[in-house]
Visitor: 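The structure's right below; bear with me while I get my questions together.
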Amino acid sequence: MNFEHIKKNIRGKIRENVSLKNYNTWKVGGEAEYFFEPYDLNDLKFFLANFQKTNITFLGNGSNVLIRDGGIQGCVICLKNTLKDYEVLKDGEISFEAGFSCMKIAQITARNNLSGLEFLCGVPGSLGGALAMNAGCYGGNVWEKVTKVVLINEQGILRERNKKEFKIGYRNVELEKGSFFVKAIFKLDQNLLNNSQEIIKNFLEDRRKKQPTGLPSCGSVFKNPDHHHAANLIDSLGLKGFKIGGAHISTKHANFIISDKSASSNDIEKLIEYIQKKVYEEKNIFLETEVKFVGNNI
Ligand SMILES: Cc1cc2nc3c(=O)[nH]c(=O)nc-3n(C[C@H](O)[C@H](O)[C@H](O)COP(=O)(O)OP(=O)(O)OC[C@H]3O[C@@H](n4cnc5c(N)ncnc54)[C@H](O)[C@@H]3O)c2cc1C
């Protein structure tokens, strides 16, 4: 099917040469060659089955990606405004589609008296991104309570997979190339203490105290190396506030990089490399990035 034909037959929106600045939390980066926002899961299936281009990149809320200034070749499929169904099943099981916001998942599970995902209340990503990153904080991570996921491939074919089929690590999941998350099923505990809202309130307060919430960032840029905190390592070198172009290291939390309106993706990448070089020179520790780099440099 040709592009015009696909355009006529989808219910969502496909556009060409779309700036990705509004689709990531740093507000930087170039354009997507094609940018598709599916209407629902069937629309996504139809699109993938008929759009014959490879090089598909999925984006959720763009809260853990550095999109380079040269943009992304191929098609970006953005789930930020779609795939938001959920279903309360029996025996503590609940399913969410991949476009669902992590913050809302914390609220909805709490309201249903299900406990175990309260920690997601301050993670500004989508479920799809959280599964891809194995997002976590306050001692929890998103895969802990997953029983099954549904994947879609580049041909639009859906497959259900059990958790045990995945190799899950710290901020990492091994996912076969060309497969993407569209849904997850969680098994949660009944909250007999009825204290999920209290837990959520405490987590959010703690974040506000320690992190530069509300400023453009991607959260923690680096993973914590074994036996160390990336933030402490950076702070110990006196780098808080250090700036390259429109990007600076947060004065509140040294593992956060904040972008201002003039920042380019290249400023942020240079600052990341500078931090890695300094920490390696002074501490002999390599800081691996948590944030994912996508697209091309100019
Ligand atoms: C202020 C702030 C605080 C944060 N706090 C935390 C925290 O406490 N803990 C934590 O772990 N993270 C944290 N993050 C990082 C981020 O919010 C999480 O990693 C989040 O889960 C990413 O989701 P996303 O939808 O934004 O993913 P994106 O940034 O859109 O994508 C991230 C990666 O996942 C891939 N991806 C996206 N959707 C899919 C899909 N459906 N299928 C397959 N791959 C997909 C993308 O291609 C990319 O490689 C924070 C970020 C910010 C800005």
Side-chain angles (χ1 to χ4, degrees), residues 20 22-29 32 38 41 44 48 55-67 72 74-84 96-106 117-144 149-154 158 161 166 169-184 203-204 206-208 210-224 231 250 252-253 255-259 268 289-295:
L20 293 170
N22 286 330
Y23 295 96
N24 69 90
T25 51
W26 261 322
K27 308 278 177 212
V28 295
L41 187 55
L44 175 61
L48 285 167
N55 202 5
I56 303 276
T57 305
F58 267 60
L59 265 191
N61 282 3
S63 64
N64 215 358
V65 284
L66 180 61
I67 298 170
I72 302 179
C75 186
V76 171
I77 296 182
C78 182
L79 301 187
K80 184 176 176 170
N81 298 314
T82 184
L83 265 65
K84 290 184 189 296
F96 291 95
E97 285 190 321
F100 227 93
S101 112
C102 291
M103 295 173 172
K104 284 202 178 128
I105 289 177
L117 293 176
E118 293 90 345
F119 69 89
L120 285 178
C121 64
V123 177
S126 69
L127 174 60
L131 290 167
M133 299 301 308
N134 190 17
C137 49
Y138 299 111
N141 67 66
V142 77
W143 275 87
E144 242 165 52
V149 292
V150 180
L151 300 175
I152 196 162
N153 69 11
E154 286 174 336
L158 296 175
R161 289 279 184 258
F166 292 88
Y170 168 45
R171 301 289 169 273
N172 184 51
V173 176
E174 281 181 19
L175 180 61
E176 62 201 78
K177 199 172 158 12
S179 282
F180 310 98
F181 298 106
V182 290
K183 192 180 188 177
F203 284 161
L204 291 175
D206 190 65
R207 250 177 214 274
R208 272 192 293 270
K210 295 178 182 159
Q211 298 180 2
T213 49
L215 294 175
S217 80
C218 76
S220 292
V221 173
F222 302 102
K223 293 184 184 181
N224 288 322
S250 164
K252 196 167 182 183
H253 191 306
N255 201 7
F256 278 53
I257 290 179
I258 310 296
S259 54
I268 296 171
T289 52
E290 175 177 322
V291 64
K292 300 282 181 197
F293 294 78
V294 290

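Read the numbers this way: they start at 1 and go in the same order the structure lists the ligands and their atoms.
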Visitor: Going by the order shown, which atoms of ligand 1 are within less than 4.0 Å of some heavy atom of P124?
Guide: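 Selected atoms, number and element: 2 (C), 3 (C), 4 (C), 17 (O), 50 (C), 51 (C), 52 (C), 53 (C).
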Visitor: Tell me, please: is V123 in heavy-atom contact with ligand 1, that is, under 4.0 Å?
Guide: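 Yes.
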Visitor: Could you tell me whether K104 atom NZ has more than 12 heavy atoms of other residues or ligands within 6.0 Å of it?
Guide: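 No - once you tally the heavy atoms of other residues, nucleotides and ligands closer than 6.0 Å, there are 12 at most.
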Visitor: If we only count N/O pairs under 3.5 Å, is L79 in contact with ligand 1?
Guide: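 In fact, backbone or side chain, L79 has no N or O that close.
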Visitor: Got the closest protein heavy atom to atom 12 (N) of ligand 1, with its distance?
Guide: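 Protein heavy atom at minimum distance: E290 OE2, 3.9 Å.
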Visitor: Pull out every atom of ligand 1 sitting under 4.0 Å from any heavy atom of L59, numbered as shown with elements.
Guide: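 Those atoms are 30 (O).
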Visitor: Relative to the heavy atoms of S217, which atoms of ligand 1 are at a distance of less than 4.0 Å?
Guide: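 So the answer, numbered in order with elements, is 1 (C), 53 (C).
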Visitor: For the pair R171 (side chain) and V291 (backbone), establish whether a donor and an acceptor sit closer than 3.5 Å, ignoring hydrogens and angles.
Guide: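 Such a contact is absent between R171 side chain and V291 backbone.
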Visitor: Under 3.5 Å between some N or O of ligand 1 and some N or O of S63?
Guide: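 For ligand 1, there is an N or O atom that lies under 3.5 Å from one belonging to S63.
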Visitor: Return yes or no for this condition: an N or O of A130 is under 3.5 Å from an N or O of ligand 1.
Guide: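 Yes - when backbone and side-chain N and O of A130 are compared with those of ligand 1, one distance drops under 3.5 Å.
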Visitor: At less than 4.0 angstrom from any non-hydrogen atom of V65, what atoms of ligand 1 do you find?
Guide: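 Listed by number with element: 29 (O), 31 (O), 32 (C), 48 (C).
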Visitor: Give yes if a backbone or side-chain nitrogen or oxygen of A98 is under 3.5 Å from a nitrogen or oxygen of ligand 1, and no if not.
Guide: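 No; every N/O pair is 3.5 Å or more apart.
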Visitor: Tell me which protein heavy atom sits closest to atom 30 (O) of ligand 1, plus the residue, atom name and distance to 0.1 Å.
Guide: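 Residue, atom and distance for the closest contact: G60 N, 2.7 Å.
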Visitor: Just do the side chain to side chain contact (heavy atoms under 4.5 Å, CB included) check on N153 and L48 with the steps written out, would you?
Guide: CA-CA 8 Å; N153 69 11; L48 285 167; over 6 Å; no
Visitor: Please say whether S126 places an N or O atom under 3.5 Å from an N or O atom belonging to ligand 1.
Guide: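 Yes: some nitrogen or oxygen of S126 is under 3.5 Å from one in ligand 1.
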Visitor: How far does OG1 of T57 sit from CZ of F180, to the nearest 0.5 angstrom?
Guide: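 Between T57 OG1 and F180 CZ, I get 7.5 Å after rounding to 0.5 Å.
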Visitor: Could you report the tightest heavy-atom contact between L127 and E97, atom names first, then the distance?
Guide: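 Shortest heavy-atom contact: CD2-O, 3.8 Å.
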Visitor: Answer side chain, backbone, both or neither: which part of A132 comes under 4.0 Å from ligand 1, heavy atoms only.
Guide: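 Contact part for A132 vs ligand 1: side chain (C-beta onward).
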Visitor: Could you tell me whether a side-chain N or O of T25 sits under 3.5 Å from a main-chain N or O of S217, the two making a donor and an acceptor?
Guide: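 A pair under 3.5 Å: yes.
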Visitor: How does C137 reach ligand 1, if at all, at less than 4.0 Å between non-hydrogen atoms: by side chain, backbone, both, or neither?
Guide: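 It is the side chain that gets close, since no backbone atom is under 4.0 Å.
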Visitor: By number and element, which atoms of ligand 1 are closer than 4.0 Å to a non-hydrogen atom of F180?
Guide: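 Contacts of ligand 1 toward F180, numbered from 1: 42 (N), 43 (C).
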Visitor: With backbone taken as N, CA, C and O and side chain as the heavy atoms from C-beta onward, which portion of R207 lies under 4.0 Å from ligand 1: side chain, backbone, both, or neither?
Guide: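 The side chain, only.
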Visitor: Counting non-hydrogen protein atoms only, what is the nearest one to atom 28 (P) of ligand 1? Give residue, atom name and distance.
Guide: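 Closest protein heavy atom to atom 28 (P) of ligand 1: G62 N, 3.7 Å.
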Visitor: So for ligand 1, is F58 a polar contact partner (N or O within less than 3.5 Å, distance only)?
Guide: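 Yes; the residue has a nitrogen or oxygen that sits under 3.5 Å from a nitrogen or oxygen of the ligand.
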Visitor: Looking only at N/O atoms, are L175 and ligand 1 under 3.5 Å apart anywhere?
Guide: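 L175 vs ligand 1: no N/O contact under 3.5 Å.
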Visitor: Counting both backbone and side chain atoms, is some N or O of G136 under 3.5 Å from an N or O of ligand 1?
Guide: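 Yes; at least one N/O pair falls below 3.5 Å.
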Visitor: Please state whether K80 comes within less than 4.0 angstrom of ligand 1, counting heavy atoms only.
Guide: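 Per 4.0 Å heavy-atom rule, K80 does not contact ligand 1.
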